[in-house]
Peer 1: 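My questions all concern the structure below.
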Number of protein chains: 2
Amino acid sequence: MNLESFFSEKISSALKNDPPGAWMPNLPAGCIRLSSGHPDPEVVPATELKKAVATLIEEEKDLPLHYTGSPRIEGLKKLILKRLSERGMMINETELIITSGACQAIDLIARIFLDSDAVVAVESPTYMEALEVFQNYTKQIISVPVDERGLLTEQLEALLVERKRDGLAIPRFLYTIPTFQNPTGTTMTKERRKHLLQLAAEFDFLIVEDDAYGELSFSEPSVPLKAMDSSGRVLHVGSLSKVVAPGMRIGWVAGASEFIHALSWFKKDLDHPFAQSSMAAYLENLDFEKQLDSLRDIYRRKCTAMVRSLAEFLPDSVTWYVPDGGYFVWVKIPGVDTSELLTQALEQGVSFIPGKYFFLEPEDGAEYLRLSFSYANEEQIEKGIRRLGQLVSVN
Amino acid sequence: MNLESFFSEKISSALKNDPPGAWMPNLPAGCIRLSSGHPDPEVVPATELKKAVATLIEEEKDLPLHYTGSPRIEGLKKLILKRLSERGMMINETELIITSGACQAIDLIARIFLDSDAVVAVESPTYMEALEVFQNYTKQIISVPVDERGLLTEQLEALLVERKRDGLAIPRFLYTIPTFQNPTGTTMTKERRKHLLQLAAEFDFLIVEDDAYGELSFSEPSVPLKAMDSSGRVLHVGSLSKVVAPGMRIGWVAGASEFIHALSWFKKDLDHPFAQSSMAAYLENLDFEKQLDSLRDIYRRKCTAMVRSLAEFLPDSVTWYVPDGGYFVWVKIPGVDTSELLTQALEQGVSFIPGKYFFLEPEDGAEYLRLSFSYANEEQIEKGIRRLGQLVSVN
C-alpha cells in the first residue's frame with residue numbers, strides 16, 4: 001500500500017523540498033557552537049522561572065493547568081502591549097495574538113495569506129526557517145538583496161515596476177527582518193524603511209516585520225516599521241525567545257484586528273496556559289528595561305570579541321558586516337565553499353551555518369557563513385574563530 | 001483599504017463559518033459548570049508539577065529553556081510509547097509525534113490529508129472542535145450516525161457502496177472517537193471496530209482514532225483501533241489533557257512513519273521544551289496505572305451521581321446513554337430547543353453545551369445536550385441537574 005498517496009497534492013509537492021532543520025549541523029561533543037541562535041546559557045533565567053512557577057502554583061493552584069482560566073495570561077498580553085507602546089507601537093488587545101514563538105507566527109501568517117497562486121517576497125539572504133515555511137505554501141518566492149544598510153528598496157521598487165508592467169502578480173507580502181537581520185546582522189536605514197512603506201502603499205502589498213532581535217541593540221535602537229505604519233499594512237512578529245528563553249515558546253503577532261482575528265481562527269494548538277502563565281509570573285516582577293540593558297552589555301562584549309578575533313585570525317580577503325545588535329555576524333570567504341569548510345570545522349570542534357541555507361538559490365550562498373556570538377562565551381568565541389582561521393588559511 | 005482582500009480564497013471562505021469556540025457559553029459567576037470538558041480540579045496534580053519543575057531546573061538548569069536539549073523530552077516519548085505498548089499498540093519512535101494536545105494533532109492531520117477536493121467522514125454527532133478544523137480545509141464533510149454501540153458501520157458501508165457506484169470520491173479519512181465518544185459517551189463494539197477496519201481496507205481510506213478518553217474506563221477497557229491495525233491505516237491521536245492537565249498541552253499522533261514524517265514537516269510551533277520536560281519530570285516518578293485507577297474511581301462516582309440525578313429530576317420523556325467511561329452524558333429532551341434552554345439554565349446558574357454544535361446540520365442536534373461530569377463535584381452535579389429538571393418540567 002502506498003501510504004503517501006493519501007497526502008494532498010500540495011503537501012506531496014512540499015515534501016520534495018529539503019527537510020525541516022536540514023541546516024542544523026550534528027555537533028560532536030565539546031564542539032564550540034557558533035551555529036546556534038540560542039541565548040547565552042548564563043543569562044537564561046532558569047532559577048527565576050523556577051521561582052515564578054512556584055509562586056504561580058501556590059497562588060493559583062490548578063488554574064494555569066486548565067485550558068483557560070489564569071488571569072495571568074491577560075497580564076502577559078498587557079505586558080507585551082506595554083512594551084510595544086514604549087517602542088512606539090500603539091496596539092490594542094484585538095490587535096495582538098500570542099503564538100508559540102516567531103516560527104508559529106510566521107507559519108500562521110503564511111497560512112492566511114498564501115496559497116499556490118500567491119507570490120511572496122523575501123530578503124536575500126533571509127532566515128532559513130521562514131524560507132522553509134513559505135516553500136510549504138507556494139513556489140512563487142522572489143528575493144531582493146540586503147546590504148549593510150538593509151533591504152535594497154530601490155531594487156524592490158524596480159522589481160515591482162517590472163512585474164506590474166508585465167502583468168505579473170504583486171507579492172501578497174514582503175517578509176523582512178529590518179533590525180539586526182538574520183543572517184546578516186545588518187539594519188535597514190530609516191530612509192529605506194520609509195521607502196518600503198511607500199512602496200507597500202503604492203503597489204498594495206503587506207509587510208511582515210520579524211523583529212525577534214530588535215530589542216538587542218548595542219547603540220541607538222531603530223524605530224520598528226510597525227511604529228511607522230499608518231495604514232495597517234505591517235504585521236509585527238515578536239518573540240521572548242531571544243530576550244528570555246526560547247523553550248518557553250512565547251511569540252506574537254501585532255497587526256490589524258482583521259488579520260489577528262483570522263490568525264486566531266486557524267491557530268489550533270489552543271493557548272499554552274502553563275507556559276504563558278509561568279512567563280507572565282516571571283515578567284511581572286522583572287525590571288525588563290534593566291534586564292535588556294544587561295543583555296545588551298553581554299552580547300555587545302561577545303560581538304566585539306568575535307569581530308576582534310575575525311580581524312586577528314582570518315586572512316585579509318575575508319569580510320564581514322559589523323553588527324550593531326542581535327546575535328549574528330555574516331562572513332564572506334571568497335573562493336571557499338562553506339559547506340565543505342563546515343565538515344572540516346566540525347572535525348576541529350567548531351560549528352557555523354553555511355550560507356547556502358539562507359538563499360532561495362543555494363549556490364548564491366556558497367562563499368558565506370553565519371556565525372552566532374550568542375551562545376558561546378568569549379573564550380570559546382576566540383578559540384573557535386582561531387580554529388576557523390587556521391582552516392581558511394590552509395584552504 | 002480592504003484588508004480582507006489579502007486573504008487567500010480558501011481562508012476567506014472558512015472565515016464565513018461560525019467562529020472558533022462559538023459553542024462555549026459565557027458563564028456567570030458561581031455557575032455550575034456541566035459544560036466544560038475540564039478535568040476535576042481536585043485531581044490536577046498542581047503541587048506535583050510544581051515539584052517536577054523545581055527538580056527539572058535544579059538538575060538541568062537552563063537546558064529545558066532552550067530550543068532543544070533536555071534529554072527528558074526523549075524520556076517523555078519513551079513513556080508514551082511504553083504506555084501505548086501496554087495497551088497493545090506496538091509503536092516505535094519514528095511512528096510518534098508529540099503535539100500541542102489533541103487539537104493540534106487533528107489540525108496537522110487535516111493539513112496533510114485534506115484540501116478542498118478531499119472528502120472527510122465524521123461521526124454524527126462528533127467533537128465540535130474537530131468539525132471546526134475540518135471545515136477550515138474542505139466543505140465536503142459527510143457524517144455517519146452513532147448509537148449506543150458506537151459508529152453505525154453498516155450505514156458507513158452503505159454510504160461507501162453508494163459513493164463508489166455513483167463515482168463519487170471516497171473519504172480520505174474517517175475521524176472517529178471510538179471509546180467514550182465526545183459527545184455521546186458511547187463506545188464502539190469490537191465487532192464494529194473489526195468491520196470498520198475491513199471497510200478501510202476494502203474502500204481504501206484512513207482512520208483517525210481520537211482516543212482522548214480511552215484510558216478512563218469504568219469497567220473493562222476497550223481495545224483501541226490502532227491495536228487492531230495491521231495495515232498502517234490508523235492514526236491514533238492521544239492526549240494527557242484528560243488524565244494529567246490540559247494546560248500542559250501534551251498530545252500525540254501514533255501512526256505509520258510516513259505520516260509522522262509529514263506531520264513533523266508541517267508542525268511549525270517547534271517543540272515545547274519547557275512544557276514537555278516538565279511533564280516528563282512529573283511522569284517519571286509517577287505510578288501511572290495507580291493514578292489512572294484513582295481517576296477512574298473519581299469519574300465513575302461522579303458519573304453515577306449524574307445519571308442518578310438525571311433519573312430523579314428529569315421527566316420520563318428525557319433519555320440518555322449511560323457511559324462506561326470518559327467525561328460526558330448525552331441527553332435527549334424531546335420537544336425542547338436546547339439552545340433556548342441554555343439561556344434559562346445560565347440564569348439558574350448551570351451550564352451545558354447545546355447539541356447543535358456537535359452536528360454538521362445544527363438542526364439535527366436541537367433536542368440534545370452534552371453534560372460533563374468531569375469538572376463539577378458530586379454535590380454541584382446533583383444541584384445542577386435538579387435545576388435543569390425544574391426548567392425542563394416547566395417548559
Side-chain angles (χ1 to χ4, degrees), chain A residues 1 3-4 6-11 14-15 19-20 38 41 44 46-47 49-50 53-54 57-58 61-62 64-67 99-101 103-104 106-107 111-115 118 133 136 172-173 206 231-232 245-249 256 258-259 262 264-266 268-270 272-275 278, chain B residues 1 3-4 6-11 14-15 19-20 38-39 41 44 46-47 49-50 53-54 57-58 61-62 64-67 99-101 103-104 106-107 111-115 118 133 136 172 206 231-232 245-249 256 258-259 262 264-266 268-270 272-275 278:
Chain A
M1 186 173 61
L3 292 175
E4 280 99 344
F6 286 101
F7 294 139
S8 70
E9 197 184 320
K10 202 169 107 181
I11 301 309
L15 285 169
H38 291 204
V44 169
T47 307
L49 277 163
K50 183 183 85 172
V53 169
I57 303 246
E58 278 151 27
K61 299 190 174 60
D62 59 304
L65 297 167
H66 288 283
Y67 291 101
T99 59
S100 285
C103 279
Q104 190 193 33
I106 295 166
D107 186 56
R111 180 153 182 200
I112 66 166
F113 295 121
L114 301 185
D115 50 36
V133 166
N136 281 344
R172 201 70 58 94
F173 63 78
L206 303 175
S231 65
M248 302 295 289
R249 308 306 305 128
E258 291 89 334
F259 296 152
S264 68
W265 196 285
F266 295 97
K268 289 297 174 192
D269 64 341
L270 304 183
H272 287 260
F274 180 63
S278 301
Chain B
M1 186 173 59
L3 292 175
E4 280 98 345
F6 286 100
F7 295 138
S8 70
E9 199 185 319
K10 202 170 106 181
I11 301 309
L15 285 170
H38 292 206
V44 169
T47 308
L49 276 164
K50 183 183 85 174
V53 169
I57 303 240
E58 278 152 25
K61 300 192 171 60
D62 59 303
L65 297 168
H66 288 282
Y67 290 101
T99 58
S100 285
C103 279
Q104 190 193 36
I106 295 167
D107 186 57
R111 181 154 181 197
I112 67 168
F113 295 121
L114 300 184
D115 50 35
V133 166
N136 281 345
R172 202 71 58 94
L206 304 174
S231 65
M248 302 295 290
R249 308 307 305 127
E258 291 90 334
F259 296 152
S264 68
W265 196 287
F266 295 97
K268 290 296 175 192
D269 63 341
L270 305 183
H272 288 260
F274 180 64
S278 300

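All heavy atoms count here, side chains included; hydrogens, waters and symmetry mates do not. Every chain is numbered from 1 and lettered A, B, ... according to where its sequence line falls, protein lines coming before strand lines. All figures in this text were calculated on a predicted structure; none of them were measured in a lab.
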Peer 1: Which pair of heavy atoms, one from B:Pro20 and one from A:Ser264, lies closest together, and at what distance?
Peer 2: CG-O, 4.5 Å

Peer 1: For the NZ atom of B:Lys268 and the CD1 atom of A:Ile106, what is their distance to the nearest 0.5 Å?
Peer 2: 10.0 Å

Peer 1: Shorter than 4.5 Å, heavy atoms on both sides: which option in B:His38, B:Gln104, B:Glu258 has the most such pairs with chain A?
Peer 2: B:His38

Peer 1: In terms of heavy-atom pairs under 4.5 Å, which option from B:Val53, B:Asp115, B:Leu3 contacts chain A the most?
Peer 2: B:Leu3

Peer 1: For each of B:Ser100, B:Pro273, B:Ser8, B:Ala245, tally heavy-atom pairs with chain A at distances under 4.5 Å, and name the one with the top tally.
Peer 2: B:Ser8

Peer 1: Identify which part of B:Ala118 has an atom lying under 4.5 Å from any heavy atom of chain A, answering side chain, backbone, both or neither.
Peer 2: neither

Peer 1: If you take the centroid of each ring, where Trp contributes its six-membered ring, are A:Phe173 and B:Phe6 closer together than 6.0 Å?
Peer 2: no

Peer 1: To the nearest 0.5 Å, tell me how far A:Leu49 CG sits from B:Asp62 CG.
Peer 2: 11.0 Å

Peer 1: B:Lys61 versus A:Pro41: any side-chain heavy-atom pair under 4.5 Å?
Peer 2: no

Peer 1: Tell me, for A:Thr99 versus chain B, whether the close heavy atoms (under 4.5 Å) come from the side chain, the backbone, both or neither.
Peer 2: neither

Peer 1: Which one wins on heavy-atom pair count under 4.5 Å against chain B: A:Ala14, A:Ser278, A:Ala256?
Peer 2: A:Ala14

Peer 1: Check whether A:Ala54 gets within reach of chain B through its side chain, its backbone, both or neither, counting any heavy atom under 4.5 Å.
Peer 2: both

Peer 1: With a 4.5 Å cut-off on heavy-atom pairs, point out which of B:Ala262, B:Ala275, B:Gly232, B:Gly101 contacts chain A the most.
Peer 2: B:Ala262

Peer 1: Side chains of B:Arg111 and A:Asn136, heavy atoms from C-beta outward: is any pair under 4.5 Å?
Peer 2: yes

Peer 1: Take B:Arg249 and A:Leu270 through the test side-chain contact (heavy atoms from CB on, under 4.5 Å) and record every step on the way to the result.
Peer 2: CA-CA 8 Å; B:Arg249 308 307 305 127; A:Leu270 304 183; 3.3 Å; yes

Peer 1: In chain order, what residues pass the ring pair (Phe, Tyr, Trp, His ring centres under 6.0 Å) check against A:Phe7, with sequence neighbours excluded?
Peer 2: B:Phe113, B:Phe259

Peer 1: Which distance, rounded to the nearest 0.5 Å, do you find between the CD of A:Glu4 and the CD1 of B:Ile112?
Peer 2: 10.0 Å

Peer 1: Using every non-hydrogen atom in the two residues, find where B:Pro19 and A:Trp265 come nearest and quote the distance to one decimal.
Peer 2: CA-CH2, 3.2 Å

Peer 1: Heavy-atom pairs under 4.5 Å with chain A - which of B:Val44, B:Leu206, B:Leu65 has more of them than the others?
Peer 2: B:Leu65

Peer 1: Of all of B:Met248, B:Lys50, B:Glu9, which one pairs up most often with chain A through heavy atoms under 4.5 Å apart?
Peer 2: B:Lys50

